[in-house]
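First comes the structure, then the notes that go with it.
Numbers for residues simply follow the sequence, beginning at 1.
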Amino acid sequence: MVQGKDMIRCLVAGLLAAASTAYGLPTADSSDTPKAHVARASFRDDFNQFDKNIWSCEYTCPTIENGRARFHLSSGVEPNHEGSRSKARYKPQRFTSGRFTVRFSLTARPAQKVWWGVALWDDGPAQDGSQFNEINFGYTVDGHLSNSQLLFESTRRGSGQSIAVDTGVDLYDEAYHNATLEYNLWRVAFYFDGRLLREITDMASIPTDPMDLVLGPRLVTGSKPLTNFFLESVDWVEIA
């Protein structure tokens, strides 16, 4: 009889423990105070070297100087030639969500049309590229934004939003700043130096197809060659 009671006690204790786990009830080693979620980077590159197992290049690879990736556009070079585009594409995986942070700086604002920034990109299903997917921050330098402004964009299958954002700082003075793109199915957010500046929540503008992470600038097709070199530098990048 005693053995039977002991068996019942064990069964009851097991059921209570399972219920505590399933429904979040306090246990001996738990607290009533919920723990804050801390995002941890699943990947970080401090660019002590340029690892071609991790990054592929478009036209010109960045050079590594003092632990920074230097994406260099040369003067006097026509668009779509070596020296007019320097990009690095993350190879290990494509993304449908995530948090992407880059510490970057820019040299003096170019007079010609250069796109600089960080993007998540996919060509889309159409052969002509009209249904591309993209989330980015950056700017095609054409004169309509001030030195403290950039564009924050999200496009799904060719339809999306482009929002001018004022960062409050001169982006072209070679100072380093942290910028973050964060997205999931319901929200795209842009942070600058730790501050949330803008969000996009219209799901019609948020890509769902897998995209590549791409760093670096390019001279825009149709632009005249640069009269002075342009440099976008990346100190580090984190993916979480």
Side-chain angles (χ1 to χ4, degrees), residues 47 50 55-89 100-121 123 129-130 132 134-155 160-181 190-193 195 197-198 212-237:
F47 290 115
F50 187 75
W55 303 98
S56 62
C57 302
E58 292 183 19
Y59 288 83
T60 307
C61 289
T63 58
I64 302 299
E65 298 176 10
N66 301 318
R68 288 164 176 167
R70 310 285 196 184
F71 295 83
H72 185 276
L73 301 186
S74 302
S75 61
V77 179
E78 296 283 345
N80 303 314
H81 289 77
E82 194 79 17
S84 72
R85 180 188 300 238
S86 181
K87 289 185 176 289
R89 186 180 301 262
F100 309 86
T101 303
V102 174
R103 183 166 177 79
F104 77 101
S105 75
L106 307 170
T107 53
R109 179 172 177 151
Q112 292 74 34
K113 287 188 177 182
V114 166
W115 188 90
W116 60 265
V118 172
L120 292 142
W121 173 267
D123 290 335
S130 61
F132 69 93
E134 183 175 24
I135 294 172
N136 75 64
F137 74 85
Y139 181 44
T140 298
V141 182
D142 60 8
H144 80 280
L145 294 184
S146 72
N147 281 9
S148 63
Q149 292 178 302
L150 51 74
L151 293 178
F152 166 47
E153 300 178 311
S154 183
T155 302
Q161 299 183 44
S162 180
I163 302 170
V165 178
D166 197 321
T167 64
V169 301
D170 184 351
L171 294 166
Y172 302 94
D173 65 357
E174 301 189 43
Y176 279 85
H177 300 279
N178 295 356
T180 298
L181 293 169
F190 174 64
Y191 297 80
F192 189 84
D193 285 340
R195 296 175 297 134
L197 295 190
R198 290 302 295 262
D212 294 311
L213 174 65
V214 184
L215 314 176
R218 63 182 173 88
L219 185 64
V220 175
T221 300
S223 174
K224 294 180 180 179
L226 291 175
T227 52
N228 294 296
F229 79 89
F230 178 74
L231 198 63
E232 178 180 342
S233 298
V234 176
D235 189 10
W236 49 259
V237 57

Rounded distance (nearest 0.5 Å) linking atom [atom1] of [X] with atom [atom2] of [Y]:
X      : Y      : atom1 : atom2 : value
Glu58  : Asn80  : CD    : CG    : 10.5 Å
Thr60  : His72  : OG1   : NE2   : 9.5 Å
Leu150 : Tyr139 : CG    : OH    : 10.0 Å
Leu106 : Asp173 : CG    : CG    : 9.0 Å
Arg103 : Asp193 : CZ    : CG    : 7.5 Å
Asn66  : Asp235 : CG    : CG    : 10.0 Å

Practice item. List the steps and the verdict of side-chain hydrogen bond (donor to acceptor under 3.5 Å, both in side chains) for Glu174 and Ser105. Key: CA-CA 5 Å; Glu174 301 189 43; Ser105 75; over 6 Å; no
May I ask you to decide if [Y]'s main-chain N or O and [X]'s side chain share a donor-acceptor pair within less than 3.5 Å?
X      : Y      : value
Ser223 : Lys113 : yes
His81  : Pro79  : yes
Gln112 : Thr227 : yes
Lys87  : Gly216 : yes

Point to revise | Trp55 and Phe47: CA distance, side-chain angles, deciding distance, side chain to side chain contact (heavy atoms under 4.5 Å, CB included) verdict | key: CA-CA 11 Å; Trp55 303 98; Phe47 290 115; 3.7 Å; yes
Between [X] and [Y], does any side-chain donor sit less than 3.5 Å from a side-chain acceptor?
X      : Y      : result
Arg68  : Ser233 : no
Thr101 : Asn178 : no
Ser154 : Gln161 : no

Review point. Applying salt bridge (Lys or Arg N to Asp or Glu O under 4.0 Å), which residue pairs with at least one partner in residues 215-234 are found, sequence neighbours left out?
Key: none
Point to revise | Trp116 and Phe137 aromatic ring geometry - parallel, tilted or perpendicular at 30°/60° bounds | key: perpendicular
Taking C-beta and beyond as the side chain, do [X] and [Y] meet within less than 4.5 Å on heavy atoms?
X      : Y      : value
Leu171 : Asn147 : no
Val165 : Gln149 : no
Val114 : Leu73  : yes
Trp115 : Pro217 : no

Exercise for review: Just do the side chain to side chain contact (heavy atoms under 4.5 Å, CB included) check on Cys61 and Phe50 with the steps written out, would you?
Suggested key: CA-CA 9 Å; Cys61 289; Phe50 187 75; 4.0 Å; yes
Practice item. Before giving the answer on side chain to side chain contact (heavy atoms under 4.5 Å, CB included), spell out for Thr155 and Phe132 the whole-Å C-alpha distance, their side-chain angles and the decisive distance to 0.1 Å. Key: CA-CA 7 Å; Thr155 302; Phe132 69 93; 3.7 Å; yes
Exercise for review: For Ser148, check side-chain hydrogen bond (donor to acceptor under 3.5 Å, both in side chains) against everything at least two apart and list the hits.
Suggested key: Ser146, Asp166
Exercise for review: Step by step, work out the side chain to side chain contact (heavy atoms under 4.5 Å, CB included) result for Val234 and Phe71.
Suggested key: CA-CA 8 Å; Val234 176; Phe71 295 83; 3.7 Å; yes
Check your understanding: Salt bridge check: are Asp212 and Arg89 linked by an N-O gap of less than 4.0 Å?
Key -> yes
**Study point:** Which atom of Leu181 lies closest to which atom of Asn136, heavy atoms considered
**Key:** CD1-CA, 3.9 Å
